[in-house]
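Reviewing the structure listed below.
Note that the structure is predicted; figures quoted are calculated from it, not measured. Within every chain, numbering begins at 1; the chains are lettered A, B, ... in the order of the sequence lines, protein sequences first and strands thereafter. Hydrogens, waters and symmetry mates play no part in the numbers below; they use all other heavy atoms, side chains included.
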Amino acid sequence: MTQPTALPNTAFTQPAESLDSFAPRILEWFETHGRHDLPWQQHQTDTPNPYMVWLSEVMLQQTQVATVLPYFARFMESFPTVQDLAAADWDAVAEHWAGLGYYARARNLHKGAKQLVAVINETGNFPQTVDGWQAIAGVGPSTAGAIVAMGLHGYGVICDGNVKRVLTRWAGIDGDITKSATDKVLWALATRLTPRAHSGRFAQGMMDMGATLCIRRKPACLLCPLQADCIAHAQGRETDYPVKAKKQAKPSKFSKALLLQNPAGELLWLQRPDNGIWGGLWSLPLAFEQKTQGKKVLSVATEDKAFEAEYSTAEQIIDTWLKKNKVVDANQPMDAPAAIKHSLTHFHWFLTPHIQRVDSKDAQALSDMLKAADVRFVWQTVDVATALSLPRAMVKILDSGAAE
DNA sequence: ATCCAGGGTG
DNA sequence: CACCCTGGAT
């Protein structure tokens, strides 16, 4: 995924006059109405500091300006240069990042600082190209464009969420922006509109537009320099853009996660069939959970029935055995753990841990049946089981303390 | 309480 | 393409 190096043969929805006057309008608006006091901005100086732009852009990938401000200040105070950041202990970096979220990005930031220092030691300077910046951990196409444009005063194109909102509205682009085809169109348009000179001010202006005027709800079209030829505005449909595939409502499914515990305190684990969900991973046995309210059995949705059919052979054996032997949850504690929620692509899965103690005779009987059916299973304590390859949902269940 | 935005990674 | 994690909107 790199920025396009050449313009695709794209037919733009706006006429040439509109395309050509776009940048001048943004630049003029930025001069009078844009933000000029953000501590990482470098457009006021002839000697821009790419470190500050890189640091701020990585923070702004995930967080709004107001939240970033104090974090940025503390980073700059503790790590005034990229060399300081690269030389810092991870713990110190993590401490400064704590609360911002997406901690993998803090790791990328630290890694990126070391990569940058290596580049500087080798070439005497920060990377000077978009591709050079994209080689740095945590820097993708848009962040790279922003850094070159604003941190080096070079030529860079940005196409982040704010820009996409402005462009889809102005050009009436109604393709699903989560699709790569639409992403290409938007990058092509952004590239066509970005002026050779002052691409940094243009980038900052576009971000300010998206953050202050062309906002998701209730955009301030009256104040917008693009109003005259904005297609969404002409349609009175500003908030219909950008178009994003509606995430279809996910159905909910309910299962018991059985913590079958033998007298040694070991739990029964099943290795799931290679095909299907969690193929080859280890899981607690799952069982269909009947939804009840008081004593009344609630009607079960059809998708739940379909899902019930997906239980593995081993689970059907266990379920049948439990029912036949009338084993009940006699030892279910009063503070029984609540269901953990696990969301998959097409449904939400609520897994309710059920502790079920079995005596040695029953454990042996169960083992014999599973062995006869060629099922891969183990009895293991939680501590040992964590070394198995467990899907996230199982980790969640163990973390919930259900097995204690 | 629930939904959703946000850019990059593996 | 799922996932990361928090804050803001409703």
Side-chain angles (χ1 to χ4, degrees), chain A residues 1-3 53-72 94 96-113 115 130-131 133-150 156-169 176-184 186-187 190 203 206-207 210-212 214-219 239-252 277-279 281 338-339 341-350 389-396 399:
Chain A
M1 193 66 66
T2 57
Q3 291 195 340
V53 175
W54 167 66
L55 178 59
S56 66
E57 283 299 322
V58 171
M59 291 178 164
L60 290 164
Q61 283 171 3
Q62 72 202 47
T63 312
Q64 298 196 330
V65 167
T67 307
V68 163
L69 284 168
Y71 282 89
F72 179 81
H96 280 71
W97 193 271
L100 266 185
Y102 285 117
Y103 300 99
R105 294 186 189 188
R107 294 192 178 278
N108 280 337
L109 189 76
H110 197 207
K111 180 179 174 186
Q115 292 173 319
V130 170
D131 284 346
W133 276 97
Q134 266 196 250
I136 303 302
V139 177
S142 200
T143 302
I147 295 168
V148 171
M150 302 191 295
V157 177
I158 65 165
C159 195
D160 64 5
N162 277 337
V163 172
K164 285 174 178 170
R165 187 167 54 252
V166 174
L167 294 186
T168 53
R169 287 174 176 172
D176 180 350
I177 65 162
T178 66
K179 290 195 299 191
S180 66
T182 311
D183 189 64
K184 267 188 194 165
L186 287 166
W187 270 100
M206 288 294 285
M207 294 192 296
T212 65
C214 197
I215 54 182
R216 202 154 69 89
R217 294 173 232 265
K218 302 188 180 180
T239 54
D240 288 349
Y241 299 86
V243 173
K244 216 171 279 192
K246 311 165 187 76
K247 343 189 159 179
Q248 52 199 24
K250 299 176 183 177
S252 296
I277 190 168
W278 305 336
L281 301 188
K341 183 179 174 182
H342 186 72
S343 293
L344 293 95
T345 320
H346 46 304
F347 59 91
H348 298 293
W349 204 354
F350 292 87
S389 45
L390 302 179
R392 276 182 52 80
M394 291 302 125
V395 176
K396 283 186 208 168
D399 285 351

*Can you list the residues that meet the side chain to side chain contact (heavy atoms under 4.5 Å, CB included) rule with A:Y102, with sequence neighbours excluded?*
A:Q62, A:R105
*Scan A:R107 against the nucleic acid and name what it touches under 4.0 Å (heavy atoms): base, sugar-phosphate only, or nothing.*
nothing
_Over all strands shown, is A:V58 touching base, sugar-phosphate only, or nothing at heavy-atom distances under 4.0 angstrom?_
nothing
*Would you mind reporting whether A:Y241 and A:L167 have side-chain heavy atoms less than 4.5 Å apart?*
no
*With a 4.5 Å limit on heavy-atom distance, are the side chains of A:I177 and A:R165 in contact?*
no
*Contact state string [nucleotides 4-10 of chain C, B base, S sugar-phosphate only, - no protein heavy atom under 4.0 Å]*: BBS-SSS
Give the rounded distance in Å between these two atoms: [atom1] of [X] and [atom2] of [N].
X      : N      : atom1 : atom2 : value
A:D176 : B:dA5  : CG    : P     : 11 Å
A:I158 : B:dG8  : CD1   : C1'   : 16 Å
A:K111 : B:dG10 : NZ    : C1'   : 11 Å

*asked:* Nearest heavy atom decides the nucleotide; on that basis, is A:I136 or A:L60 closer to the 5' end of DNA chain B?
replied: A:L60
*Where is the tightest heavy-atom contact between A:I158 and A:G145, given as atom of each residue plus distance?*
CG2-C, 3.9 Å
_Tell me the closest heavy-atom pair linking A:T182 and A:D176, and the distance in Å._
OG1-O, 2.8 Å
*Please name all residues satisfying side chain to side chain donor-acceptor pair (under 3.5 Å) with A:T143, sequence neighbours left out, ordered by chain then number.*
A:Q61
